[in-house]
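Just so it is clear, the values below take in all heavy atoms, side chains as well, and ignore hydrogens, waters and symmetry mates. Since the structure is predicted, the reported quantities are computational estimates derived from the model, not experimental observations. Protein chains get the first letters and strands the later ones, always in sequence-line order, with residue 1 at the start of each.
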Amino acid sequence: MFRPVDSNVHFPTLELQILDLWEEKRIYEKSLAQREGRPKFVFYEGPPTANGLPHPGHCLTRAIKDLFPRYRTMRGYRCERKAGWDTHGLPVEVEVCKDLGIHSKEEIEAYGVEPFIHRCQESVWRYMREWRELTRRIGFWLHLDEAYVTYHQSYVESVWWSLKVLFDRGLLYQGHKIVWWWAQGGTALSSGEVGQGYREVADPSVYVRFPLLDEAGNETDTDLLVWTTTPWTLPSNQFAAVHPELEYAVVRDAELGRKLIIAKELVETIAGKVKRDLTVESTCRGTDLVGRRYLPPFDGYYKTLGNVVGKLADGGEQHVAWRVTAADFVTTDSGTGVVHEAPAFGEVDYDLLLAEQARFEPGQGPDLICAVAPDGRFTDEGPDYCRGRWVKDCDKDIARDLKQRGLLYHQEQYIHQYPFCWRAENDPLIQYPRKSWFIRTSQFKEAMLANNAKINWLPEHIRDGRFGNFLATNVDWALSRERYWGTPLPIWVCEKTGQMVAIGSYEELLSKPGCTGTEVWEEAKRKNPDLPDDLKVHKPYIDAITFDSPFAEGARMRRVSEVIDCWYDSGAMPFAQWGYPHRGAEQFADQFPADFISEAIDQTRGWFYSQLAISTLLFGKEANDAARQHEVEQAAKEATTAAVKPTVHPYPHPYRNCIVLGLMLGEDGQKMSKSKRNYREPNEIFDRYGADALRWYFFANQPPWTSIRYSEQAIKDSIPEFLLRLWNVYNFLVGYATSDDNWNPAAEIKGKVDQLNSAQLSSAATYTDPGDRSELDRWILSELASTCRTVVERLDAYDNFVAAGAIQKFVDVLSNWYVRRSRDRFWASGFTADKHDAYWTLYECLITTAKLIAPFTPFLAEALWQNLAVAPFGDRAVESVHLCDYPTGDVSLIDEELSQRMEQLREIASLGRAARMEAKLKVRQPLSKVEVVLADTRHQAWLEEHAALIREELNVKQVEFTQQAEKYINYTVLPNLPRLGPRLGKQLPALRKLLTEANPADLLQQLNEQGKVTLELNGEPVELDAEDIQVRLQAKEGWAAAQGKTSVVVLNTELNDDLIHEGIARDVVRIIQDRRKTIGCQLSDRIEVGIETDDASVVSAVEKFRDYIASETLARQLVLEPLAGVEPGDGKAGEARFKAYVRRLAE
RNA sequence: GGGCGCAUAGCUCAGUUGGUUAGAGCGCAGCCCUGAUAAGGCUGAGGUCCCAAGUUCGAGUCUUGGUGCGCCCA
């Protein structure tokens, strides 16, 4: 039998019990085991970093990641869920530095790379307990114990393998890159990190004269006027750039006594800034200036290189630097139209240097000059007053120096956005040239786009919008990081020749001829046996391993010092989670590509990209075709190739469907932040409201890609709006079933019932075929079936929002119409066939609802199942709702027409209540009659059959349907626009006018008699049939009436004695029931009642309705006098007053 | 500065291919119901659908421009 239900349920407590149940019975494992051999549904877990505390945003991701795998499992798929952890990267190092109270790379080196790495490895698990607990508590079923971890040896070796493939294919190369450089920390920052640190700052903005030189190298009377906001870059100047197509002016500054060259359209602006007259003497085009030499403001390099001339590739010679070059990026938005070029400190400037180098014969062109050391301080090539100083501190001194030398033409403050280090917020970043390793992703841009085009993105616009645009502007992936805690770049260089090889595994490394250096690791392990073995593939141990160079006799191969971008780690997860190809080939073959992944939109350029890029370059057709070509070319050389080559997979891969979640904002609409405290800790949410409340809030309130504002109230509201409403229905069923009725579904059924589908229930003697049940039962079963159908359809399309809405709607009609209308059936004493039907129908609705909600609110679903199925049937039923198949809805039970009719019936009832409200007649007071006027009479006959229901619902004696209701109603005839619009087009306004002016009664009569209406429109006859027009009703004033879309309900408000007495009787019943409750009667307790009153109408009412009152209240005796020794309850019926005495009778 | 997205009731959000009187939940106010009862229901107030122009018989919906906000990138 069912256990009693706690109507005062506390969901968080319930959920903890269910978690224990799942674990004790290993339900998750069983849910997987029972789908062994079934079609697969592949899910990838995007690895979170566990070195920070989880917040509500992570709950959202974890909830969505749980929903679809649970759903698919119930649909019969095998869905493995391997957990994963992202463990490398700068954030980890920064955390450790914070603990150590250090900042720069030098300090790390001083502390020791080895202990530093150990700390990093420990630090990544710092909040593991919290993450595991969150995962468990929110009900995210995931194989936590078999998680992949990016620092594990097997993972690292997979990454190495993939890099070796890329290297051997010629897709990994070393180049220079101008990076955003954190000089104090000695590292480049990723674009994402840079983006976090932009702040508004005021920088000096200087206009500097670069005197032009004549052919002989002598100074002329004309200057280039150059603008920059980074004066510290001027000592590293190499060129001045002009736009070739722009018009330049040579202007005379009389005060200065010199001529200046600036963009013509900026003459006025600059004259305004310096408040002088600048007279244009002549103009020329940018191209005319190209090649002219000038004297740079600082001579640190110029003094030695100023006169160096190189051979041009196409013959001739030219000075290598300090001359005017052409560049398309020059604009007149600001500055002077002449741009100072220090290629070391800007990406486009560096490109310009590369272009210049290309014009010369190899080795003859300009070298990069850079007067700044990697620590951000000036070198000896800088002006003497700057040497050894942090560049940004020198801006003022440089400006002062230029002023003293007369080269500073103008100076002002310039307010702009400038990036700072995101962890050390007082450190401005500078752009700085570094050697870096790149992946040639741009070569496969089209392939990535083709792959992307096949991915099902939700929302759709990501594909061609944010993600597609990003791919279309793809640049090569800067892979290397000059840091410590990351996957070491597996490239070893010949110390003599500089030739390189890539290594694909630790074993391969050890097998190299003359390999030495493992003793460093062995020694460390001997000293500290607790060191995880995985560390041996990390710095500093890996750096100690060297081997004989195959390129030069007696030379050694040594590893490059860099580690790689941790985004590469996570992007390699589709194969690296299995250790592929060194191991896990089977799992990889089985679990590639993913059917479903989901992360927030900030992963567009993160995990979504890294996965797609790696996968396209390894497993895409284009990349593999190119690789074969490359191998042919390399065949002559001694190319090493990976033992296992990637095979081609058709797009899309590595994921087919991707839900891009919106970002979750704090309560105040701002980004969630610990310091602002604009959200609550997840654990507190679970303790207060429960995981189901939070999950339902995520799933049912908005499509998942909407950025949602964290709202505690909304989470709280999930409880009464959905969870508790369903709980109340469940409580209702169990309450009656465990009363005198003692209704037990298990009593009549023998043997297994498994999932309690209708086929399994139908063996019960009292179970009638749903088709033979009452209309109300058939209706709710129809609603249930169509809800199942909708939910399945929407979940298959990854649309949790509409699916959840359908479930919520169903629970609402189940509670507010089915149960409401069925109360009497349950309350009736004894069993009838109809009562059995009511039990079975409601039982089946609840059982099915439990299955429906299982992926959404798994705890509540389980609670229902445990009591509705497991409690009565024991091990004859499936032991958990999560082991059931998902209900898809029996379409034969769907009755669209019944559904529509019931809808209309509900509308009539609702209108009747509204009319009562209007007339201030409470429902307890019976009325003699309502009249219902229908605009659409299709369902009239059916509605007439159900007049009883309306009578009961509205407490009236008679219901009458009528169309001839002119006294209550105004009719309006309107055109059906979607139908007539395409047909009549511009004539539509005329028709509308015609219809408004016509007599509606005549039109309707015509329509009824002939089935059509003919009107004359602009001299042309137009025929309208019933579908072409719509009739709207409007209640006339002065009646107790209410109007809806299709009907009007009019009340007869006249009362007679019978009606009044009946109303009083109902008041009496209500007060008696109230007393029953007060004195603690059980549902079926019998009582004795006394009514004391002076009011004649109450006396008459009690006498006239004695039987009614007695049966409603289970009263054995009813007398019109006080009961001795009983506390009475006061009652009021209209103006009449009475006292009700209730005493419980012993059995 | 560029890309993408968003803008509808006090709040959180729906609004299908353009179609008649733009919806839901919460909140607020008033009321009803009373054996699902520490529940439930009804009704109401509250909207220049961000602004402007255009396309169309008809625009919350389509187009263009603008404003504001968010994210990503510089």
Side-chain angles (χ1 to χ4, degrees), chain A residues 5 7-8 180 191-192 194-195 198 331 333-334 347 416-417 419 459 461-462 464-470 472-473 600-602 604-606 662-663 665 669-671 697 700-703 705-709 711 713-714 716-718 720-722 724-725 727-736 739 801-802 805 808-809 812 815-816 819-820 823 826-827 909-918 920-924 955 972 974-982 984-992 1030 1032 1034 1042 1045 1066 1069-1071 1073-1074 1076-1077 1081-1084 1112-1114:
Chain A
V5 173
S7 60
N8 202 1
W180 278 110
S191 54
V194 176
Y198 274 88
T331 67
D333 294 345
S334 54
E347 217 170 327
H416 64 148
Q417 298 284 315
H461 60 74
I462 299 284
D464 298 321
R466 187 177 284 208
F467 197 63
N469 287 338
F470 172 60
T473 56
I601 193 163
D602 56 358
T604 311
R605 288 158 192 250
L663 284 183
L665 304 173
Q670 304 288 104
K671 221 172 179 167
Y697 159 69
N701 270 284
Q702 63 280 307
W705 45 83
T706 322
S707 70
I708 57 175
R709 189 184 288 201
S711 161
Q713 189 57 44
K716 202 171 166 181
D717 289 343
S718 306
E721 275 173 38
F722 180 68
L724 198 56
R725 185 169 293 171
W727 189 265
N728 283 330
V729 176
Y730 155 68
N731 181 27
F732 177 89
L733 175 79
V734 173
Y736 277 104
S739 70
F801 175 60
V802 171
Q808 183 144 10
K809 184 90 207 319
D812 184 69
S815 168
N816 288 329
V819 169
R820 176 188 169 83
R823 268 193 218 146
F826 288 95
W827 185 229
S910 164
L911 290 173
R913 281 191 296 267
R916 271 184 171 277
M917 177 80 64
E918 188 81 13
K920 297 206 186 327
L921 286 165
K922 57 188 180 181
V923 179
R924 239 178 288 139
N955 194 17
T972 320
L974 294 168
N976 183 353
L977 292 174
R979 227 174 119 86
L980 294 174
L984 297 175
K986 294 196 179 189
Q987 291 181 301
L988 212 54
L991 177 78
R992 290 177 83 162
Q1030 291 174 330
R1032 179 166 306 147
Q1034 209 169 7
K1045 290 227 158 168
R1066 289 184 63 143
V1069 167
R1070 197 183 79 74
I1071 297 302
Q1073 302 287 35
D1074 202 48
R1076 279 184 63 109
K1077 231 185 304 174
C1081 284
Q1082 296 299 303
L1083 271 180
S1084 50
E1112 282 295 306
T1113 60
L1114 299 183

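In this structure, A/Lys809 places its NZ atom 15 Å from P of B/rG23, rounding to the nearest Å. Going from atom CZ of A/Phe470 over to atom C1' of B/rC71 covers 15 Å, rounded to whole Å. In this structure, A/Trp727 atom CH2 and B/rG40 atom C1' are separated by 18 Å, rounded to whole Å. Protein atom CG of A/Leu724 is 16 Å distant from nucleotide atom C1' of B/rC26, rounded to whole Å. Separating the CD1 atom of A/Ile1071 from the P atom of B/rC33 is a distance of 11 Å, rounded to the nearest angstrom. Separating the CZ atom of A/Arg820 from the C1' atom of B/rU34 is a distance of 11 Å, rounded to the nearest angstrom. The nearest whole Å value for the distance from the OH atom in A/Tyr697 to the C1' atom in B/rG25 is 13 Å. As rounded to whole Å, 13 Å separates atom C1' of B/rC42 from atom CG of A/Asp812.
Base pairing analysis places B/rC6 opposite B/rG68; the two distances defining the Watson-Crick or G-U wobble pair are each below 3.5 Å. Under the Watson-Crick or G-U wobble criterion, with both distances below 3.5 Å, B/rA24 is paired with B/rU12. Under the Watson-Crick or G-U wobble criterion, with both distances below 3.5 Å, B/rA39 has no partner in any strand shown. Shown here, B/rG19 forms a base pair with B/rC57; the pair counts as Watson-Crick or G-U wobble because both key distances fall under 3.5 Å.
Comparing the C1' positions of B/rU67 and B/rA29 gives a spacing of 36 Å, expressed to the nearest Å. Nucleotides B/rG68 and B/rA22, compared at atom C1', are 23 Å apart to the nearest Å. Only the C1' atoms considered, B/rC26 is 31 Å distant from B/rG19, to the nearest whole Å. Nucleotides B/rC50 and B/rA14, compared at atom P, are 14 Å apart to the nearest Å. Nucleotides B/rG54 and B/rA7 are separated by 24 Å at their P atoms, to the nearest Å. Comparing the same atom, P, in B/rC73 and in B/rG18 gives a spacing of 36 Å after rounding to whole Å. Distance check on atom C1': B/rC13 versus B/rG47 gives 15 Å, rounded to whole Å. Atom name C1', nucleotides B/rA24 and B/rU8: the rounded distance is 13 Å, in whole Å.
The aromatic rings of A/Trp727 and A/Tyr730 sit perpendicular, their planes meeting at an angle over 60°, well past the 30° parallel limit.
Candidate nucleotides B/rU34, B/rC72, B/rC26 were compared by shortest atom distance to the side chain of A/Arg605, and B/rC72 ranks first. Candidate nucleotides B/rC73, B/rA14, B/rC4 were compared by shortest atom distance to the side chain of A/Phe801, and B/rA14 ranks first. Nearest nucleotide to the A/His461 side chain, out of B/rC4, B/rA36, B/rA38: B/rC4. Listed candidates were B/rC26, B/rA36, B/rA38. Nearest to the side chain of A/Asp717 is B/rC26. When distances run from any side-chain atom of A/Asn976 to the nucleotides B/rC13, B/rU34, B/rU20, the shortest one goes to B/rU20. Out of B/rA36, B/rG41, B/rC13, the shortest distance to the side chain of A/Arg823 is found at B/rA36. Counting only heavy atoms from C-beta on, A/Leu988 has its side chain closest to B/rC57 among B/rC57, B/rC71, B/rA36.
Atoms CG and CG, on A/Asn728 and A/Leu733 in that order, are 12.5 Å from each other to the nearest 0.5 Å. Here A/Tyr697 contributes atom OH and A/Glu721 contributes atom CD; the two are 12.0 Å apart, rounded to the nearest 0.5 Å.
Each of A/Asp1074 and A/Ile462 lies near RNA chain B, and the nucleotide nearest A/Ile462 is the one positioned closer to the 5' end. Position along RNA chain B of the nearest nucleotide to A/Arg466 versus A/Ser815 favours A/Ser815 as the more 5'-ward residue.
Taking 4.0 angstrom as the limit, A/Asn816 places a side-chain polar atom (N or O) nearer than this to OP1 or OP2 of B/rG41. For the OP1/OP2 pair of B/rC72 and a distance below 4.0 Å, the side-chain nitrogens and oxygens of A/Asn469 include no atom meeting the criterion.
You won't find any donor-acceptor pair under 3.5 Å spanning the side chain of A/Arg1070 and the base of B/rC33, going by distance alone.
Using a 4.0 Å heavy-atom cutoff across all strands shown, A/Pro975 reaches at least one base atom of the nucleic acid. In this structure, A/Tyr736 reaches the sugar-phosphate backbone alone: every heavy-atom distance under 4.0 Å involves primed, P, OP1 or OP2 atoms, never a base. Among the atoms of the strands shown, only primed sugar atoms or phosphate atoms (P, OP1, OP2) are found under 4.0 Å from some heavy atom of A/Glu721.
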